[in-house]
Q: 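Below are the structure tokens for one structure; questions will follow.
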Amino acid sequence: QVQLVESGGGLVQAGGSLRLSCAASRNIFSFNSMGWYRQAPGKQRELVAGITSGGNTNYADSVKGRFTISRDNAKNTVYLQMNSLKPEDTGVYYCNADHIRGGVVFDYWGQGTQVTVSS
């Protein structure tokens with residue numbers, strides 16, 4: 001069973017920075033992709049940033065230029081560096097990983113970490 005453990009959330013003022021970490025219980029090269037999602041109160045969960053096993057990245061338009069996703073293969077950890085935070089970035093941030101085996105997609109989620117940006 002794969003475990004993803006997020007950390008690094010907290011309360012920060014607008015314009016500040018946070019770095020989220022997602023530690024995986026196994027080699028992250030085994031995943032096709034990993035990503036960060038967030039869910040604000042009363043809203044659907046949305047993709048914030050993703051990174052493939054090949055290192056390609058993608059970002060939601062709302063965070064481009066402010067957030068950076070990266071990974072440390074030796075530590076089996078994926079990071080999300082969040083700069084110039086805005087109140088609308090507030091939400092629970094979830095780490096996600098997926099891999100495909102035999103044509104079946106296996107999807108894994110962390111427990112989430114709260115990010116609150118005050119104005």
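Position 1 is the first residue of the sequence; numbering continues from there. Heavy atoms only: backbone and side chains are in, while hydrogens, waters and symmetry mates are out.
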Q: Begin with the C-alpha distance, continue with both residues' side-chain angles, and end with the deciding distance and a verdict on side chain to side chain contact (heavy atoms under 4.5 Å, CB included) for Leu4 and Met34.
A: CA-CA 10 Å; Leu4 303 173; Met34 297 186 72; 4.2 Å; yes

Q: Does Cys22 offer a backbone N or O that forms a donor-acceptor pair with the side chain of Glu6 under 3.5 Å?
A: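 Here the side-chain-to-backbone pair does not exist.
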
Q: Strictly below 4.0 Å, N to O, side chains only: are Lys86 and Asp89 in salt-bridge contact?
A: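 Salt bridge flag = no for Asp89 with Lys86.
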
Q: Would Asp72 and Thr77 count as having a side-chain donor-acceptor pair, cut-off 3.5 Å?
A: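 Not at all, the side chains of Asp72 and Thr77 share no donor-acceptor pair under 3.5 Å.
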
Q: How about Asp98 and Ser33: does a side-chain donor come under 3.5 Å of a side-chain acceptor?
A: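 Ser33 and Asp98 do have a side-chain donor-acceptor pair below 3.5 Å.
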
Q: Okay, side chain of Arg45, backbone of Val92: is any donor-acceptor separation there less than 3.5 Å?
A: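 It does not hold such a pair.
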
Q: Donor-acceptor pair, Asn58 side chain versus Ala49 backbone, under 3.5 Å?
A: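 No; zero donor-acceptor contacts below 3.5 Å.
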
Q: Begin from the C-alpha positions of Asn76 and Arg26 and carry the test side chain to side chain contact (heavy atoms under 4.5 Å, CB included) through to its verdict.
A: CA-CA 7 Å; Asn76 292 325; Arg26 73 183 200 196; over 6 Å; no

Q: Within the structure provided, determine whether Arg19 and Leu80 are in side-chain contact (heavy-atom separation under 4.5 Å).
A: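 Of all side-chain heavy-atom pairs linking Leu80 with Arg19, none is under 4.5 Å.
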
Q: Would you find a donor on one side and an acceptor on the other, under 3.5 Å apart, between the side chain of Tyr59 and the backbone of Ile69?
A: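 Yes.
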
Q: Quick one: does Thr90's side chain have a donor or acceptor within less than 3.5 Å of a partner on Val117's backbone?
A: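 Yes.
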
Q: Quick check against the 3.5 Å criterion: does Gln39 have a side-chain atom that pairs as donor or acceptor with the backbone of Tyr93?
A: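 Flag not set: sc Gln39 to bb Tyr93 has no pair under 3.5 Å.
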
Q: Any donor and acceptor pair, going by atom type alone, linking the side chain of Thr116 with main-chain N or O of Leu11 inside 3.5 Å?
A: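 Absent.
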
Q: Test of understanding: with ring-ring contact (aromatic ring centres under 6.0 Å, His included), list the residues that count as partners of Tyr108, not counting sequence neighbours.
A: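 Tyr108 satisfies ring-ring contact (aromatic ring centres under 6.0 Å, His included) with His99 once adjacent residues are dropped.
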
Q: With side chains defined as the heavy atoms from C-beta onward, is the minimum distance between Leu20 and Thr113 less than 4.5 Å?
A: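 Touching, per the 4.5 Å side-chain cut-off.
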
Q: Take Asn73 and Ile28 through the side chain to side chain contact (heavy atoms under 4.5 Å, CB included) test and state the conclusion after the steps.
A: CA-CA 7 Å; Asn73 296 328; Ile28 61 176; 3.4 Å; yes

Q: Can a donor-acceptor pair be found, under 3.5 Å and without considering hydrogens, that links the side chain of Asn83 to the backbone of Ser17?
A: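 Absent.
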
Q: Arg66 side chain to Ser84 main-chain N or O, any donor-acceptor pair under 3.5 Å?
A: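 Flag set: sc Arg66 to bb Ser84 pair under 3.5 Å.
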
Q: Do Tyr79 and Leu18 belong to the same hydrophobic cluster, where Ile, Leu, Val, Met, Phe, Trp and Tyr are linked whenever their side-chain heavy atoms lie under 4.5 Å apart, directly or via other members?
A: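 No, it is not one cluster - the side chains of Tyr79 and Leu18 are not joined through contacts under 4.5 Å.
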
Q: Determine, stepwise, if the pair Asn96 / Trp36 fulfils side chain to side chain contact (heavy atoms under 4.5 Å, CB included).
A: CA-CA 6 Å; Asn96 170 265; Trp36 288 95; over 6 Å; no

Q: Would you mind reporting whether Phe106 and Arg101 have side-chain heavy atoms less than 4.5 Å apart?
A: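 With C-beta onward as the side chain, the pair touches.
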
